[in-house]
2 protein chains.
Amino acid sequence: MTTATAFASAPTATRSIGRTPAVAFERHDEIGLAELQAHVPAVRRKIAQGQYLYRAGQPFAALFLVNTGCFKTCELAEDGREQVTGFRMRGDLVGVESIGLSQFACDVVALEDGEVWELPYPPMLTACLRIPVLQARLTSALAEEVRRDRLWMLALGTLGAERRVAAFLLDLAERHARLGFSGRHFILRMSRADMASYLALKHETVSRALSRLDALGHIAVQRREIRILDADGLRHGAEAVH
Amino acid sequence: MTTATAFASAPTATRSIGRTPAVAFERHDEIGLAELQAHVPAVRRKIAQGQYLYRAGQPFAALFLVNTGCFKTCELAEDGREQVTGFRMRGDLVGVESIGLSQFACDVVALEDGEVWELPYPPMLTACLRIPVLQARLTSALAEEVRRDRLWMLALGTLGAERRVAAFLLDLAERHARLGFSGRHFILRMSRADMASYLALKHETVSRALSRLDALGHIAVQRREIRILDADGLRHGAEAVH
DNA sequence: CGGCTACTTGAGTATTCTCAAATTGTGTGG
DNA sequence: CCACACAATTTGAGAATACTCAAGTAGCCG
């Protein structure tokens, strides 16, 4: 599943929820930030809510490592069809899908104020040549991206609306927990419409599914605040596997 | 879109269709077969219809370059849910999704008798270190895989059944054409059930969609033989974008 | 030429979507 | 700080799409 949400040091209204940022640097180092910094002139860049990190068609010149905030990646077809293909948060590497192209292949939008490390790509490439470990990690990150997308395709193809929403919440919870925050209580960074697009549903359907999961006692929903009350209930939901 | 079908020198009943194999080696060289052969002990391996090229859980030790035949990649969840995530044909590199793991992450099954080049991974890695171009191509191949999957997610999320089937056929046609075969007349290598799984539909729905596209005059279907009569009709189908 | 599997088609059902309205939040200006 | 306008969310009712179940047909293998 490709999803996300976290708010390391998110400066938003609901910041009261969630523990201190502090930890949760592991994933940065998974892609070798330490080695990177020695060879690639990484630049911190702040992005305001609603801003594009990049848009399809802009020259591809860098990858981005999310430090704070939450971003959505969107595919956009010529005929206007549009789809959210993932949510990226702290520790996620953004832009890898555009490697090998001269222009970015999709849009990335900040769902809240955030900060990224911009990693200029040519320097990144030469660094990879010098540091095999870095290369291996980049490759692994790409492969993992493929696996995530495939798992999400499996969910889309085999789960009904309610279980799809449940799976999404579980994925968020897990990513959240991995970043050192509570996996049982978090704030959705995206609108119902964004969730719906990612889940290949309509926002009304997502809303209904959330209400129903709430009524079943599996979660407690209050607008964007989610509390996981019964993870197993969510996982094995009553709905049949179709 | 992640799809495929081709039959370079397919030894099947319907081989009469399509031109001679001969050409269509470009994609092999896209990933640097020439350079590869000098450094990686590639082994030809024949796979019979229905055989697994590999299964999830088997030790990951090689990538595979499809020479002939058509393969499907399948995700399988612990709870039994199953989904075809793509079709691979001549020139496609198979196994990249498992890079970075010790075991393969999915199943790959031959839809017809075929042959692959087995590229042992450790030698592949060291070759990449020596030949930057090869490394770059591997990375590009991975990134393209991500883009394909994302485009397919867009289709799944925004198109109704009939247009999904149409998009699938157009994708097959294009890949087929790129391999030097007719893009207007080809044989499906997969069953309706496999198509359906990939398209996140039921096989009956796929069947109906094909019949309807036939009735509309956009295609001519006869079991697995497809003739594209009106590509634009397929592309812009009457169905509304929902 | 069976027996089998794959495919097609029909009829009724279920799920999700569409359209519409009500509600709750949020941000802004007075 | 409150009132208002706007955006996001929830909920309902009916419609549409895709699914399920079932039967029938057609090609393939032995």
Side-chain angles (χ1 to χ4, degrees), chain A residues 11-15 48-50 72 81 83-84 111-113 155-166 187-215 219-226 237-242, chain B residues 11-15 48-50 72 81 84 111-113 155-166 168 187-215 219-226 237-242:
Chain A
T12 325
T14 38
R15 138 186 47 177
Q49 178 174 107
K72 64 174 174 181
R81 286 178 298 122
Q83 171 93 1
V84 173
L111 296 174
E112 57 183 328
D113 294 349
L156 290 181
T158 58
L159 300 177
E162 198 172 305
R163 294 197 58 187
R164 234 180 274 177
V165 171
I187 301 294
L188 298 174
R189 255 48 206 182
M190 70 296 292
S191 69
R192 295 287 188 269
D194 285 333
M195 270 182 74
S197 172
Y198 180 59
L199 297 169
L201 298 170
K202 297 300 168 186
H203 67 92
E204 296 97 324
T205 305
V206 170
S207 188
R208 277 186 249 273
L210 287 171
S211 298
R212 182 125 196 294
L213 292 173
D214 184 308
I219 61 175
V221 193
Q222 230 178 1
R223 224 174 161 73
R224 295 199 180 178
E225 184 176 346
I226 302 285
E239 204 185 53
V241 173
H242 64 244
Chain B
T12 324
T14 36
R15 137 185 48 177
Q49 179 175 106
K72 65 174 174 181
R81 287 178 297 122
V84 174
L111 297 175
E112 56 183 329
D113 293 349
L156 289 181
T158 59
L159 300 177
E162 197 173 304
R163 295 198 58 188
R164 235 180 274 177
V165 171
F168 177 73
I187 301 293
L188 298 173
R189 257 46 208 183
M190 70 295 290
S191 69
R192 295 287 188 268
D194 285 335
M195 269 181 75
S197 172
Y198 180 59
L199 297 169
L201 298 169
K202 296 299 168 186
H203 67 94
E204 297 97 324
T205 306
V206 170
S207 188
R208 277 186 250 274
L210 287 170
S211 298
R212 182 126 196 293
L213 292 172
D214 183 308
I219 62 176
V221 193
Q222 230 178 2
R223 227 172 158 72
R224 296 198 180 180
E225 183 175 349
I226 301 285
E239 202 185 56
V241 173
H242 64 242

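The sequence lines fix the lettering, A, B, ..., with proteins before strands; numbering per chain opens at 1.
One interatomic measurement links the two molecules: CG of A/D194 to C1' of D/dT9, which rounds to 14 Å at whole-angstrom precision. The distance from atom CD of B/E112 to atom C1' of C/dA6 is 17 Å, rounded to the nearest whole Å. One interatomic measurement links the two molecules: CZ of B/R223 to P of D/dC28, which rounds to 6 Å at whole-angstrom precision. As rounded to whole Å, 15 Å separates atom C1' of C/dT13 from atom NZ of B/K202. Atoms CG (B/L199) and P (D/dT17) sit 18 Å apart, rounded to a whole Å. In this structure, the CG atom of B/L213 is 17 Å from the P atom of C/dC7, given to the nearest Å. Rounding to whole angstrom units, CE of residue B/M195 and C1' of C/dT8 are separated by 14 Å. If you measure from atom NE2 of A/H203 to atom C1' of D/dT11, you get 12 Å, rounded to the nearest angstrom.
Taking 4.5 Å as the limit, every side-chain heavy atom of B/L199 sits out of range of all side-chain heavy atoms of B/T205. Considering only heavy atoms from C-beta on, B/L210 comes within 4.5 Å of B/V165 through its side chain. At a threshold of 4.5 Å between non-hydrogen side-chain atoms, the residues B/D194 and B/R189 do not count as touching. Here the side chains of A/S191 and A/R224 are in contact, with some heavy-atom distance below 4.5 Å. Here the side chains of B/E162 and B/R212 are in contact, with some heavy-atom distance below 4.5 Å.
With D/dT10, D/dA8, C/dT9 as the choices, the nucleotide that has an atom nearest any side-chain atom of B/S207 turns out to be C/dT9. Side chain of A/T205, nearest nucleotide from D/dT20, D/dT9, C/dT16: C/dT16. Listed candidates were C/dT8, D/dT9, C/dT9. Nearest to the side chain of B/S211 is C/dT9.
The CZ atom of B/F168 sits 11.0 Å away from the CG atom of B/L201 when rounded to the nearest 0.5 Å. For the atom pair OG (A/S197) and CZ (A/R81), the distance works out to 11.5 Å, reported to the nearest 0.5 Å. Note that CD of B/Q222 is 9.5 Å distant from CD1 of B/I187, once rounded to the nearest 0.5 Å. Within the model, atoms CZ of B/R223 and CZ of B/R192 stand 8.0 Å from one another, a figure rounded to the nearest 0.5 Å.
DNA chain C is contacted by both B/A193 and A/L201; B/A193 maps to the nucleotide lying nearer its 5′ end (nearest heavy atom per residue).
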Under 3.5 Å, which protein N or O atoms sit close to an N or O of nucleotides 12-15 of chain D? Give each pair with its distance.
residue	atom	partner	partner atom	Å
D/dG12	N7	A/R208	NH1	2.7
D/dG12	O6	A/R208	NH2	3.1
D/dA13	N6	A/R208	NH2	3.4

Between protein and nucleic acid, restricted to nucleotides 27-29 of chain C and to nitrogen or oxygen atoms under 3.5 Å apart, what atom pairs and distances do you find?
none

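Residues A/M195 and A/L188 come closest through the heavy atom pair SD-CD1, 3.9 Å.
Between the side chain of A/S207 and the backbone N or O of A/H203, no donor-acceptor pair lies under 3.5 Å. Without hydrogens or angle criteria, B/Q49 side chain to B/L111 main chain gives a donor-acceptor distance under 3.5 Å.
For the pair B/S191 and C/dT5, the criterion of a side-chain N or O lying under 4.0 Å from OP1 or OP2 is not met.
When the local axes at the two ends of the helix from C/dC1-D/dG30 to C/dG30-D/dC1 are compared, using 5 base pairs at each end, they differ in direction by 50° after rounding to 10°.
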